[in-house]
Amino acid sequence: MAAVSCLLSEDQFLCSICLNLFTDPVSTPCGHNFCKNCITDRWDVNYRCQCPLCKEAFTTRPDLRVNTLFSEMVAQFRQSAQQKASSSSEQQVSKPGEVPCDVCTGTKLKALKSCLVCLVSYCETHLEHHLTASRLKRHQLIDPVKNLEGRMCTKHNKPLELFCKTDQTCVCTHCPALDHKTHEFVPLKVEYEEKKADLGKTDAEIQQMIQKRRLKVQEIKLSVKRMNHVDVEKNLPDNPERFSHYNFVLGKQSFSSGRFYFEVQVKGKPKWNLGVARESSNRKGLITMTPEDGFWTIWLTNKNEYKAAAVPAVRLSLKSPPQKVGVFVDYEEGLVSFYDVDAAALIYSFTGCSFTEKLFPFFSPCRNDGGENSAPLIISLVNKTA
């Protein structure tokens with residue numbers, strides 16, 4: 001067993017969904033392996049059971065059982081990796097005053113980088129995933145620091161990546177949508193460089209530089225401002241832009257840069273779904289509601305079950321049902337955030353997204369259910385801010 005695991009690379013022991021070493025690996029009928037919880041949660045949120053790798057669809061949900069032999073190989077590989085890390089040279093061992101790796105067990109090696117997204121410091125060995133995995137490459141790495149919590153927004157528990165020019169304070173990427181809607185921002189790194197360069201600049205030059213980097217929240221325009229589902233079916237002509245199987249609607253205006261924000265009243269609805277979708281997302285037949293398939297959404301079912309359509313799906317624990325949901329998108333930062341507007345509280349954020357095409361606001365009032373879900377979604381326009 002040890003000889004076999006030594007011949008395999010670490011990539012062969014990583015789940016393609018969570019990108020971590022397999023936990024309770026199971027095999028699908030097509031022969032691919034995934035963590036049991038990862039594939040189960042993925043199928044819970046999707047409308048059909050499909051292999052995430054080869055896209056083979058299964059008419060009935062497969063009965064997944066842990067692959068015992070493969071599970072033992074993963075355990076053996078994990079043990080070998082830990083032994084290898086423990087046997088690293090003494091020069092890598094963290095010394096007093098240096099930042100240790102948070103992942104190392106036993107002897108702590110010297111951290112090479114700290115991640116502001118994971119709030120973890122990594123040695124050279126454990127940093128490898130952040131340098132090779134596509135989903136982790138967008139994480140912000142800095143020179144190792146001890147007080148990572150001090151670099152986090154205490155209100156939204158996100159890294160302080162922006163500098164608010166108006167309030168002269170560091171903020172996270174969620175702050176502009178709620179507390180600093182009309183303020184000026186620059187990336188924190190830019191502000192740091194500006195501080196160093198300002199000694200040699202005139203006031204006019206500084207003002208011009210700030211103006212160039214000024215961020216604006218764009219106004220969103222929708223073809224409809226109010227929507228609900230009725231039980232009477234209409235005979236409508238086929239249209240490439242119309243969803244064929246579901247009562248989904250996209251906003252009229254698209255965005256391919258900058259920031260935009262809109263609010264949706266969901267009061268009185270036991271079911272709804274909203275967020276953003278990319279232009280090329282599938283609109284015909286069965287649809288998979290995941291970021292991989294071009295949808296960044298949250299939804300409510302059964303009156304009190306809130307979820308984010310991530311992979312795997314994320315159950316959301318909210319203190320109280322939101323009456324109005326705010327949706328904030330930063331295209332360049334790859335951020336989609338949802339807020340409880342009245343409570344001024346963050347509901348959920350998709351981070352590290354890679355947007356390469358137009359995005360549209362996405363809405364679904366869900367089925368009327370004989371009048372039980374007849375309350376409409378009401379979309380609020382937000383004035384453009386400078």
Side-chain angles (χ1 to χ4, degrees), residues 14-20 22-23 26 28-30 32-59 61-62 64 117 133-139 243-251 254-255 264 271-302 305-316 325 327-331 333-338 347-366:
L14 298 181
C15 171
S16 61
I17 297 178
C18 67
L19 300 179
N20 293 320
F22 285 105
T23 301
V26 294
T28 55
C30 55
H32 292 113
N33 297 307
F34 307 94
C35 296
K36 185 176 182 179
N37 285 340
C38 289
I39 191 65
T40 299
D41 288 343
R42 187 182 182 93
W43 286 349
D44 284 344
V45 68
N46 291 343
Y47 289 96
R48 59 175 174 173
C49 296
Q50 183 183 54
C51 174
L53 291 178
C54 69
K55 304 301 181 183
E56 180 178 344
F58 311 113
T59 54
R61 184 162 179 162
L64 300 176
V117 177
S134 58
R135 295 184 185 180
L136 300 178
K137 285 182 179 179
R138 295 181 65 89
H139 285 196
F243 290 92
S244 62
H245 281 53
Y246 308 102
N247 51 342
F248 295 166
V249 178
L250 298 185
S254 64
F255 297 87
V264 184
K271 296 191 295 185
W272 49 260
N273 191 349
L274 58 90
V276 294
R278 68 183 179 215
E279 185 175 33
S280 65
S281 58
N282 181 30
R283 306 186 194 188
K284 306 299 180 184
L286 297 175
I287 296 176
T288 306
M289 299 289 294
T290 65
E292 182 180 275
D293 296 285
F295 296 90
W296 292 265
T297 67
I298 63 172
W299 79 92
L300 166 65
T301 58
N302 300 325
E305 295 181 11
Y306 295 88
K307 288 186 179 181
V311 180
V314 178
R315 291 184 179 273
L316 305 175
V325 176
V327 183
F328 174 74
V329 179
D330 188 320
Y331 193 97
E333 290 294 327
L335 172 71
V336 182
S337 293
F338 299 85
I347 297 175
Y348 184 79
S349 287
F350 292 93
T351 59
C353 308
S354 180
F355 300 134
T356 58
E357 56 184 274
K358 294 179 181 179
L359 295 179
F360 290 83
F362 169 89
F363 312 94
S364 174
C366 295

With sequence neighbours excluded, residues passing side chain to side chain contact (heavy atoms under 4.5 Å, CB included) with Glu292 =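 Listed in chain order: Arg42, Lys55, Arg135, Thr290.
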
Partners of Phe355 by ring-ring contact (aromatic ring centres under 6.0 Å, His included), sequence neighbours excluded?
-> Trp296, Tyr331

Does the side chain of Glu357 come under 3.5 Å of the side chain of Ser280 through a donor N or O and an acceptor N or O?
-> yes

To the closest 0.5 Å, what do you measure between [atom1] ([X]) and [atom2] ([Y])?
X	Y	atom1	atom2	result
Leu64	Asn37	CG	CG	11.0 Å
Cys15	Phe22	SG	CZ	5.5 Å
Tyr348	Leu316	OH	CG	7.5 Å
Cys30	Phe58	SG	CZ	4.0 Å
Phe255	Asp330	CZ	CG	12.5 Å
Leu274	Ser364	CG	OG	9.0 Å

Are Ile347 and Tyr306 close enough, and set up right, to give a side-chain contact (heavy atoms from CB on, under 4.5 Å), and what steps lead you there?
-> CA-CA 10 Å; Ile347 297 175; Tyr306 295 88; over 6 Å; no

Under the side-chain contact (heavy atoms from CB on, under 4.5 Å) rule, what do Ser349 and Phe328 come out as? Steps first, then yes or no, please.
-> CA-CA 9 Å; Ser349 287; Phe328 174 74; over 6 Å; no

Looking at side-chain heavy atoms only, is the closest gap between [X] and [Y] below 4.5 Å?
X	Y	result
Leu359	Arg278	yes
Asn273	Met289	yes
Val327	Pro361	no
Pro52	Ile39	yes

Is a donor on one side and an acceptor on the other found under 3.5 Å between the side chain of Trp272 and the backbone of Trp299?
->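 Flag not set: sc Trp272 to bb Trp299 has no pair under 3.5 Å.
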
From CA spacing to verdict: side-chain contact (heavy atoms from CB on, under 4.5 Å), Thr297, Phe363 = CA-CA 9 Å; Thr297 67; Phe363 312 94; over 6 Å; no

Could you walk me through whether Arg315 and Asp41 pass the side-chain contact (heavy atoms from CB on, under 4.5 Å) test, one step at a time?
-> CA-CA 10 Å; Arg315 291 184 179 273; Asp41 288 343; over 6 Å; no

Search all heavy atoms of [X] against all heavy atoms of [Y] and return the closest pair with its distance.
X	Y	value
Phe34	Ser16	CE2-OG, 3.2 Å
Leu53	His32	CD1-CD2, 3.6 Å
Asn282	Phe295	O-CZ, 3.8 Å
Gly294	Ser281	O-CB, 4.0 Å

